[in-house]
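Scroll down for the structure; my scribbles are underneath it.
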There are 2 protein chains.
Amino acid sequence: MKNSTVTIRDVALKAGVSVGTVSHVLNGSPRHVGASTRERVLSAAQTLQYRPNAIARSMVKRATATIGLVINELSNPLFMPVTEGVEAVLRKEGYGIVLASSNDMPSEIQAVETLRGRQVDGFIFMSLSTIYSVDHLLKLKEQGVPFVVINRSIDHPGINRILMDDYGAACRLTGHLLDQGHSNVATITGPRQLRRSAVNRYGGWLAGLRERHIEPCPDWIIGGDYTFEGGYQAVKRLLQLSHRPTALFVANESMAVGALKSLADAGVKVPHDIAVVTIGDPPFAAYTSPSLTTMALPVEEAGRVSARLLVDWLKDGPPEPAKDILLACTLKVRESCGAYLKNQT
Amino acid sequence: MKNSTVTIRDVALKAGVSVGTVSHVLNGSPRHVGASTRERVLSAAQTLQYRPNAIARSMVKRATATIGLVINELSNPLFMPVTEGVEAVLRKEGYGIVLASSNDMPSEIQAVETLRGRQVDGFIFMSLSTIYSVDHLLKLKEQGVPFVVINRSIDHPGINRILMDDYGAACRLTGHLLDQGHSNVATITGPRQLRRSAVNRYGGWLAGLRERHIEPCPDWIIGGDYTFEGGYQAVKRLLQLSHRPTALFVANESMAVGALKSLADAGVKVPHDIAVVTIGDPPFAAYTSPSLTTMALPVEEAGRVSARLLVDWLKDGPPEPAKDILLACTLKVRESCGAYLKNQT
DNA sequence: GTGAAAGCGCTAACAC
DNA sequence: GTGTTAGCGCTTTCAC
């Protein structure tokens, strides 16, 4: 970066004071400086267009006021709002974000190394997968590096984590279906080998049913993979069943969209012939045909909460005991569950 | 960050050499060092778990190997893939990303200042709006700060910019509609006062029509705002017209989804009663009912190209003359334009 | 082939 | 109230 060559020395020279003084007035340190001196320093800095070098500052303060945000699957639409939440509080607190994406374990480890080399003050890990080993995170913890994980299944005491209540959301959503008078509720699950959320959403569905003393029909558990096509194909399989359900809990939004299309292609009317609900509330959920009844995930909130937690840690020391925060989802009733239909008739 | 207190000195001490030597072997500098010395240094670094302090390094090299990515509207789904492209090439080249989001001019200016304070080596500006003044960018240019803009209407010589060919995309897409035998093509425009892309897409639609000597019907130019609801309402207005078009060019994907729903709600069959096409190809475009024929924007490519441009600049000096790159869109033919329908009959 | 030392721009003791 | 100075951890001349 060119031209950035105006240093604190230049300001000191121009103001006719020492660099120490300049540093003090510019940082509003407790030390008392004369009004006229302060004035001269300020105006010198102004006219020289002085811009403090944060790198040099970090050097001596041994802190960079930046945090590392490591994301896997940058392309996942869920991450934008999380990042937004993170960014909002971090910016307000004067912290910067250095971004790293990782597609697998090795690259995540690599990213952490790189970011530590860049001296980030802490980390936020934002991920979806549950298959990752967490050894490198435990190592971080052991070394006292501040970090918080979002949506990461890491069952180890003392890890600060933010989770979204997939289980509760699925349970309530299923309950909502039952409230509409359904009792034949099928599910399209996520990849339960890979994602903790898929396990929890399945578990929530089951619990929602059993809460009302309904035993799920094994045929009505269709395996999916969280993709559009997965949802499409799952419904195709479902429709081949002789005994069809009257309601369908789809484990995520992408599959729900695929399911809707599959249903439409097969001439099955939603919600008339079958009700559909899902977890995750993308902007377009209100504009599918029919619009989707969903449980909105607290994505932006997760971002804000994690950032807040980390910043507090950085300022006041680690939370004791470690936080384990479960964020609730919000029911968005639209057309696909048939609630409106029912109320009309 | 704790524990990070193993410095180059420690390595030097342990290896029984000078810090200069350590630096040389660790950076693979041209200087010759004895094989045994090198060996000792390497193993010392290894056993001490030495991690070079990038901040200190930046201090003396006067370069941080980071670039500032400034985005407005973090929530815009278009930006994820762009960021992905940027990240991919930057990581490969050893550069880091520091992220800044800005919602308006003042916050963008603020972000630039902050990032310059953090000594980023260059900038990528990713934005949508055309209403911003560009004075601060011109100032950057004047000061020799490397930067490239994506999708930003800044008509000033010497600015390196990446644009997506909205005009060409709209023109070709309209042509595609005409190829299907339509001649009554309406459009729902974007906010032409705010977005350059809206102007260009409108212009492309017009040009596509005139290329075939068709004069557009003024009634068939419906003003929209790039939102789902905007698309929904626009179609409502369109349907009140006595003389309806047989095809509809919607300026962006969100409005197209809104339009589809509006049409469905009104019982108008797509593509049978009216064909629909749009610009922008979100993942769900293939799973709407009917699936959307679109022009896919080269978003990830824009990210990659901009990053490559910037990195080359950082390494070899500014491109002469400045690059002005126009990226083409890709036609994705699906159901909503009626092409398949036509071929079947 | 290797070591010593001068900074990079800044903050924070410590003097006065 | 203000100035001086010793580093923060590293790279890179310049000696040897």
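Lettering follows sequence order; numbering is per chain, from 1.
In the model, Gln110(B) has a side-chain atom that pairs as donor or acceptor with a side-chain atom of Thr114(B) under 3.5 Å. A donor atom on one side chain and an acceptor atom on the other are not found under 3.5 Å apart for Arg152(B) and Asn72(B).
Between the CG atom of Asp10(A) and the P atom of dG9(C) there is a distance of 9 Å, rounded to whole Å. Straight-line distance from the CG atom of Asn53(A) to the C1' atom of dC8(D): 13 Å, rounded to whole Å. Following rounding to the nearest Å, Asp121(B) (CG) and dC8(C) (P) show an atom-to-atom distance of 19 Å. Between the P atom of dC10(D) and the CZ atom of Arg62(B) lies a distance of 19 Å, rounded to the nearest Å. In this structure, the CE atom of Met59(B) is 14 Å from the P atom of dG7(C), given to the nearest Å. Rounded to a whole Å, the CD1 atom of Ile55(B) is 15 Å from the C1' atom of dT11(C). Protein atom CG of Asn27(B) is 5 Å distant from nucleotide atom P of dT11(D), rounded to whole Å. Nucleotide dG9(D) holds its C1' atom 9 Å from the CD atom of Gln119(A), rounded to whole Å.
Using a cut-off of 4.0 Å between Lys/Arg side-chain N and Asp/Glu carboxylate O, Asp155(A) and Arg161(A) are scored as salt-bridged. Lys315(A) has a carboxylate O that lies under 4.0 Å from a charged side-chain N of Glu93(A), or vice versa, which qualifies the two as a salt bridge. Taking the charged nitrogens against the carboxylate oxygens, Lys139(B) and Asp135(B) have no contact shorter than 4.0 Å, which rules out a salt bridge. A salt bridge does not link Asp10(A) to Lys14(A): none of the charged side-chain nitrogens sits closer than 4.0 Å to a carboxylate oxygen.
Partners of Arg91(A) by salt bridge (charged side-chain N to carboxylate O under 4.0 Å, His left out), not counting sequence neighbours, listed by chain and number: Glu87(A).
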Each nucleotide N or O in nucleotides 3-6 of chain D that has a protein N or O under 3.5 Å away: list the pair and distance.
residue, atom, partner, partner atom, Å
dG3(D), OP2, Ser18(A), N, 2.8
dG3(D), OP2, Ser18(A), OG, 3.3
dG3(D), OP2, Thr21(A), OG1, 2.9
dG3(D), O6, Arg31(A), NH2, 2.2

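Under 4.0 angstrom from either OP1 or OP2 of dT11(C) there lies at least one side-chain N or O belonging to Arg57(A). Between Ser23(A) and dT11(C) there is a side-chain N or O to OP1 or OP2 distance below 4.0 Å.
Toward the 5′ end of DNA chain C lies the nearest nucleotide of Lys61(B), the other residue of the pair Ser29(A) and Lys61(B) mapping further downstream.
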